[in-house]
Each structure stands twice: as C-alpha cells, then as structure tokens.
Amino acid sequence: MDPLRQSPSPSSSQASSPRTLSCERLGYVGIEAVLDQLKIKAMKMGFEFNIMVVGQSGLGKSTMVNTLFKSKIWKSTMPGLRVPTPQTLQLYSMTHVIEENGVKLKLTVTDTPGFGDQINNDKCWDPILGYINEQYERYLQEEILITRQRHIPDTRVHCCIYFVPPTGHCLRPLDLEFLQRLCRAVNVVPVIARADSLTIEEREAFRHRIQDDLKTHSIEVYPQKCFDEDINDKILNSKIRERIPFAVVGADREHMVNGRCVLGRKTKWGIIEVENMAHCEFPLLRDLLIRSHLQDLKDITHNVHYENYRIIRLKESHALPRGPGWVDLAPAPSPAPGPAPTGTRASPGPAKVCRWAEDNSDEDF
Ligand SMILES: Nc1nc2c(ncn2[C@@H]2O[C@H](COP(=O)(O)OP(=O)(O)OP(=O)(O)O)[C@@H](O)[C@H]2O)c(=O)[nH]1
Ligand SMILES: [Mg+2]
C-alpha cells in the first residue's frame, strides 16, 4: 500500500498533520493569475505608510517633511505647497493621498518638536515613544474587538527618520540613548542633517564614525541584518547599510538652474539641489522609503515591533484571569519612570497629537 495513502491508526491520539504532495500537472492550472488578483486587490485597497521625523531642534525636520512632499514623487499632487517652517511646538501629522498610475498611497508624516535644547534632557524621548506606543495600542484595541473592522486603520509609525546633528565628530550620548530606546520600538533610519555644512570627505568620515558608534552600542537601525530573508536581501541591504546614515539636505523652495526648476537651497556658492546625488543623498532616502523598502518597513513594523508590543500587552492582561480565551486589556500604563528594559516596549504615555489630513480621495482608506 502506498504509505502516503495510509490512514492514521484509530488508536493514534495525535492529529495527523496535512502532508504536502507534489503532484503531476495535467495541464495549465493558472496559478500565476493569483499575482494579478493580488495586484488588483492591492490597487483597490491602496497603501498606508507612516513616517515620523525625530531629532534635536533646528536640524531641519519640518523642512524635510516639506521636502518629502514636494520632491518628484509628490510634486505633481501638491503644486502650490508653501508652508513656512516655524519651530515645531507639538507633535502633528500631515496626511496626503498620492495617486500614481492607479496606485494610491496614503502617506502620513508626523513632525515632532525638537529636543535637546533643555538643560535637563532627561526623558526627552518620552513623548515620541509615547506616540509610537499609542498607535500600537490603538491598533491592538481594534484588533481584539469581537466585531472588528475589515480594514483596521493603520496609524502605526512604519519608519522613524532620526536626524543626527552635523558635528563631524561622533554620536552624542543623548543621540545614543535616544536611538537605543527608539530602535526597540520602531524602524529607525538615521540621517546626517544639514549635510551641506560638511564637505563630501567630512560626510564620509562622519558616516563611518556613526556606523562604528552604532555597532559599539549594539544599536540596530533599519534595515536590520537579522531580518534579511535571503541572499538577495542581504546583497541589497548590505549596500544600504554601507550608506546609512544618508547625508541629506532639506529645502522647500524651488529655483531655476539651467532652465530647470529644482528643489534646493540657495547659498553663496550656488544652489544645492536636494534631488541631485552629486549634492546630497536625499534621493537615497526617498527611494528607500518609497521605491524599494516601503512594504518591508510595514512588514517589520507589524511582525516585529507591533508583535513585541502585543505580546507584552496581552501577557499583562492575562494577569487578570477571566476564563478560557478571555482577553481583557487593561488600559496602557502611564509613562513609567526610568528607561525601558531591553526587549520591552518603552513606557507608553499620552502624546499631544494634532492630526490633520489633506485627503483628496474618499474611498478605501
Ligand atoms: N543649511 C541648511 N539649513 C537647513 C536645512 N534644512 C533646514 N534648514 C534650515 O534650518 C532652520 C530650521 O529648520 P526646521 O525645519 O524648522 O528645523 P526643525 O528641526 O523642524 O526645528 P524644530 O521645529 O525646532 O525642532 C530653517 O531656517 C531651515 O531653512 C539644510 O539641510 N541645510
Ligand atoms: Mg520643526
């Protein structure tokens, strides 16, 4: 008798696990059409993507938000954007729906107030980590409902851009502490801010020093080595890891250069074009975020960072026994004093959030 067709013995207490059999194909089945189905569904649903900018005051975070919205990918959809960049005093999110060739992207960028200009910068990460955890909590509360929405709105931060001041030396203790906490909660892409204040050689040397600092302090920024899934990921991500932190320049003004309208900063020496790789690495940042790693950033957020949060919250809740399968989520605790222990979420706390959307599409999102 064919061993594969043997039925399990009735006395066996173990449930038989399904077996995967390779069968001879009798003809074209059409399995590949599933790719078209996935594409059509994804186009209908659109993509949500949430970025956050974090760093010391005055490093160009708000300007970078405008640069992101005005750069090539978004320019056509926001032609008249002229937002002045006053000092950011509270955390706020700006949402815009971008449509290109039928693909819709709902991009939300969260701007945060700068830190580091206080005499005591203790816990300056609390409002940022509080906001990140608040979004995980929102998602979790929706997810555990018995009658839940078919599509849970995703406000979780998929990528946090961390602005390093262009000192040219090394990472400051404050940056190290902040990054250590942030990397446990979210995907972090560090950038060298205001890179126009450094020469190309200085940028290179500074980049290597930052990479050494990150390694010495076991800070795993995105793309994390441990999540490379195959050799192709490894090759692509190794190249990116060599270039991180990207040396970026932000600008929200357009200038005429050789008859072309470019986004850039006017200096005594000429125009620094933000989209020109000979001038800065903003295009690498944008391409990483949108063109090459958007889905991966979302996957790691969901499968790793949110999962860590979820496990801890559910474990906390099961400290309250209510019978089998009962999930009763206690409210998230308020910010705890002191640093979060390794591998746990940082202290969640209420963050002052102002959310305004500039959606020009109504359905699906
Ligand atoms: N040289 C140079 N200046 C920049 C750059 N990006 C922004 N700036 C300028 O730096 C100043 C501060 O920029 P913001 O974008 O407001 O800085 P921020 O990090 O949002 O500051 P806070 O809101 O206080 O945290 C503005 O005058 C910007 O024009 C850059 O890449 N290079
Ligand atoms: Mg600002």
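Note that ligands are numbered from 1 as they come in the structure, with each ligand's atoms numbered from 1 the same way. Here the structure is a predicted model, which is why all the values come from computation and not from measurement.
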- Item | From Glu99 atom CD to His96 atom NE2, the distance as rounded to the nearest 0.5 Å | 10.5 Å
- Item | Arg181/Glu177 ion pair, N-O < 4.0 Å | yes
- Note on the structure: Looking only at non-hydrogen atoms, the one of Asp111, Asp196, Val248 nearest atom 1 (N) of ligand 1 is Asp196
- Presence of salt bridge, Arg313 and Glu316, under 4.0 angstrom: yes
- Are any non-hydrogen side-chain atoms of Phe49 and Ile290 less than 4.5 angstrom apart? yes
- Message: Using a 3.5 Å cut-off on N or O atoms only, is Gly250 in polar contact with ligand 1?
- Response: yes
- Message: Quick check on the hydrophobic clustering: are Met43 and Phe47 connected, directly or via other members, by side-chain heavy-atom contacts under 4.5 Å?
- Response: yes
- Task: Mind checking the CD1-NE2 spacing from Ile272 to His255? Nearest 0.5 Å is all I need.
- Result: 9.5 Å
- Message: Assess whether a salt bridge exists between Arg260 and Glu275, defined as any Lys/Arg side-chain N lying under 4.0 Å from an Asp/Glu carboxylate O.
- Response: no
- Query: Which of the numbered atoms in ligand 1 are below 4.0 angstrom from a heavy atom of Gly114?
  - Reply: 25 (O)
- Query: Considering only heavy atoms, which of Arg194, Arg265, Lys61 lies nearest to atom 19 (O) of ligand 1?
  - Reply: Lys61
- Note on the structure: Quick look: Met64 vs ligand 1, heavy-atom contacts under 4.0 Å, and the answer is neither
- Would you say ligand 1 has an N or O under 3.5 Å from any N or O of Val249? no
- Kindly confirm or rule out an N or O of Gly58 lying under 3.5 angstrom from an N or O of ligand 1. yes
- Query: Within a strict 4.5 Å, meaning less than it, do heavy atoms of the Glu143 and Arg310 side chains meet?
  - Reply: yes
- With side chains defined as the heavy atoms from C-beta onward, is the minimum distance between Val262 and Asn276 less than 4.5 Å? no
- Message: In the structure I gave you, are the side-chain heavy atoms of Pro166 and Leu59 within less than 4.5 Å of one another anywhere?
- Response: yes
- Counting no waters, what protein N/O/S atoms lie under 2.8 Å from the Mg ion (ligand 2)? Ser62 OG, Thr88 OG1
- Which bit of Thr63 gets closer than 4.0 Å to ligand 1, counting heavy atoms only: side chain, backbone, both or neither? both
